[in-house]
Amino acid sequence: FFFLHDETSLKSFEQLKCNSLKALVVGSPKVVGEYLSSQFWTPNLAICDRINVLDILVGASQELSQTDSRSLEWYQNEDKKPFARITSGEQKKHEDKSDLFEKEYFNLEEIDDKDIVHQKDWRTILDERIREKTNYFAPRSLKANSQMRRTFANAFVPVAGYFFFPLLRDPSLLKSELHLRIEEDDSYVLEHLLYSLGIMSQNCKNHPEVMTMSRELLFFMKHYLGHEDRKVQLALIQVFRAVLLSTPESYLFTEVGSLMDEYSNWLLALGLTTKDKECLTNAKFAHEHLLKLSAGVEINRVFEKKKSVL
């Protein structure tokens, strides 16, 4: 992938290359996702390829989180396939049983299939009887027009670790091994990495795995709180807000409460020192959200103490 170049001047070559690799990640996320995540930290790799790796991983994680996991071959168990293959003979038996059930339950007489007009009348009568015997929990007009929502498990959650954790390497490697000037011209690589990690953790929202991911992400971000680039500062604020939105507040203020205090102090200091209006606004919103969650956790603690006393 990294050595595949446009030899024929193909239109949208880079986009096609990235889309094909994203399809591979979706089809085999454990193998391909883990490989790409490790390749981000490979020395002597072009910066544009590192950015492409992050974009592919983020795009695949979003597609997996919105995909029915039962429709993916890698997620299925051979012993527990959602649909069994039915032969033509078995299908004919099912159709005969269905016709017999309809005739017995609705007291229908034998119908001549050649009589098309009579067959239409039979279908009309059958539909009317079904509607009369069906109980609705909503107005019939709304029930008839609405479509049933299809629910499914998040297909990204079982493989999120192969995407996420290999990217959380020692921050010193960005300078020592990759020779990236993250404090200067190459700061946009760090910005892109932060946003990618935040999106992937957000894609595991409402699942227990997000707690471990959020904790490790907060420790990783802690090394860059003193960064002076406004875009990196904005990325840190936005990703921190994403952590607050996706992680249970009871976990944040009990398991990583000291980190919450550090980030609260950082937001206050950033609000006093920054001259960028966008950073100031986002820092204010993030700190207000943090205080609101902290107050809610404290109120719950008070109620729990009262319940225990009673």
Side-chain angles (χ1 to χ4, degrees), residues 1-77 152-171 173-174 177-180 182 185-205 207 209-210 212-213 216-217 220 231-232 235 238-239 242 246:
F1 168 77
F2 301 112
F3 305 103
L4 183 63
H5 303 291
D6 187 9
E7 302 289 345
T8 58
S9 300
L10 187 64
K11 187 178 180 180
S12 304
F13 173 79
E14 290 296 329
Q15 187 64 41
L16 290 172
K17 186 171 72 170
C18 291
N19 289 343
S20 62
L21 192 55
K22 186 175 77 170
L24 283 175
V25 179
V26 174
S28 183
K30 181 178 178 181
V31 177
V32 185
E34 186 176 21
Y35 170 76
L36 283 181
S37 299
S38 62
Q39 287 300 303
F40 177 82
W41 294 97
T42 303
N44 304 322
L45 190 65
I47 290 179
C48 61
D49 288 331
R50 299 186 199 278
I51 299 297
N52 286 337
V53 165
L54 294 175
D55 290 339
I56 291 166
L57 290 173
V58 168
S61 71
Q62 289 179 321
E63 188 168 337
L64 285 168
S65 64
Q66 299 169 4
T67 303
D68 188 348
S69 58
R70 295 169 297 179
S71 66
L72 301 175
E73 294 181 1
W74 59 268
Y75 199 78
Q76 292 180 12
N77 187 349
F152 50 82
N154 187 335
F156 177 61
V157 172
V159 295
Y162 300 102
F163 289 60
F164 187 83
F165 294 111
L167 295 174
L168 297 176
R169 300 280 293 275
D170 186 358
L173 294 178
L174 287 172
E177 293 189 12
L178 304 188
H179 306 292
L180 294 176
I182 58 172
D185 299 338
D186 299 331
S187 60
Y188 66 92
V189 179
L190 176 60
E191 176 195 359
H192 215 87
L193 176 61
L194 291 170
Y195 278 124
S196 301
L197 291 169
I199 293 172
M200 282 190 276
S201 66
Q202 188 76 13
N203 288 336
C204 290
K205 185 179 180 181
H207 290 272
E209 287 78 2
V210 76
T212 305
M213 295 170 69
E216 297 302 322
L217 180 56
F220 179 79
K231 290 185 177 180
V232 174
Q238 297 284 20
V239 174
S246 60

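Hydrogens, waters and symmetry mates play no part in the numbers below; they use all other heavy atoms, side chains included. All figures in this text were calculated on a predicted structure; none of them were measured in a lab.
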Donor-acceptor side-chain pairing of Ser61 and Asn203 below 3.5 angstrom
yes
Trace of the side-chain contact (heavy atoms from CB on, under 4.5 Å) decision for Ile51 with Cys48
CA-CA 5 Å; Ile51 299 297; Cys48 61; 5.6 Å; no
Which atom of Val232 lies closest to which atom of Ser187, heavy atoms considered
CG2-O, 3.7 Å
What I'd like to find out is whether the side chain of Phe220 reaches to under 4.5 Å of the side chain of Val239, using heavy atoms alone.
no
Residue pair Tyr162 / Pro166: nearest heavy atoms and the distance that separates them
O-CG, 3.5 Å
With sequence neighbours left out, write down each residue that passes side chain to side chain donor-acceptor pair (under 3.5 Å) with Gln238, or none if nothing qualifies.
Asn282
Do the non-hydrogen side-chain atoms of Tyr195 and Val58 ever get within less than 4.5 Å of each other?
no
Got a second to check how far Leu64's CG is from Asn154's CG, nearest 0.5 Å?
8.0 Å
Minimum heavy-atom distance Leu57-Gly33, with the two atoms named:
CD2-O, 3.9 Å
Donor-acceptor under 3.5 Å (Arg50 side chain, Val189 main chain)
no
Verdict with supporting geometry, Leu36 and Leu21, side-chain contact (heavy atoms from CB on, under 4.5 Å):
CA-CA 10 Å; Leu36 283 181; Leu21 192 55; 3.8 Å; yes
List the atom of Phe156, the atom of Met200, and the distance in Å for their closest heavy-atom pair.
CE2-O, 3.5 Å
Hey, what do you get for CD1 (Ile199) to CG (Leu54), rounding to the nearest 0.5 Å?
10.0 Å
Distance from Glu209 atom CD to Ser201 atom OG, nearest 0.5 Å?
12.5 Å
According to side chain to side chain contact (heavy atoms under 4.5 Å, CB included), who are the partners of Lys205, at least two apart in sequence or on a separate chain?
Gln202, Ser246
For Lys30 versus Val159, what's the shortest heavy-atom pair and its separation?
N-CG1, 4.5 Å
Could you list the residues that satisfy side chain to side chain donor-acceptor pair (under 3.5 Å) with Ser196, not counting sequence neighbours?
none
Residues at least two apart in sequence or cross-chain that pass side chain to side chain contact (heavy atoms under 4.5 Å, CB included) with Leu16, listed by chain then number, are Leu10
Would you give the length of the straight line joining atom SG of Cys18 to atom CD1 of Ile56, rounded to the nearest 0.5 angstrom?
4.5 Å
Spacing of Leu167 atom CG and Phe40 atom CZ [to the nearest 0.5 Å]
6.5 Å
Could you pull out all residues at least two apart from His192 that satisfy side chain to side chain donor-acceptor pair (under 3.5 Å)?
Asp55
Determine, stepwise, if the pair Val53 / Asp49 fulfils side-chain contact (heavy atoms from CB on, under 4.5 Å).
CA-CA 6 Å; Val53 165; Asp49 288 331; 5.5 Å; no
Who are the ring pair (Phe, Tyr, Trp, His ring centres under 6.0 Å) partners of Phe164, not counting sequence neighbours?
none
At their closest point, which heavy atom of Glu191 faces which heavy atom of Ala235, and how far apart are they?
CG-CB, 4.0 Å
Check side chain to side chain contact (heavy atoms under 4.5 Å, CB included) between Ala60 and all other residues, then give those that pass, not counting sequence neighbours.
Lys22, Val25, Val26, Phe163
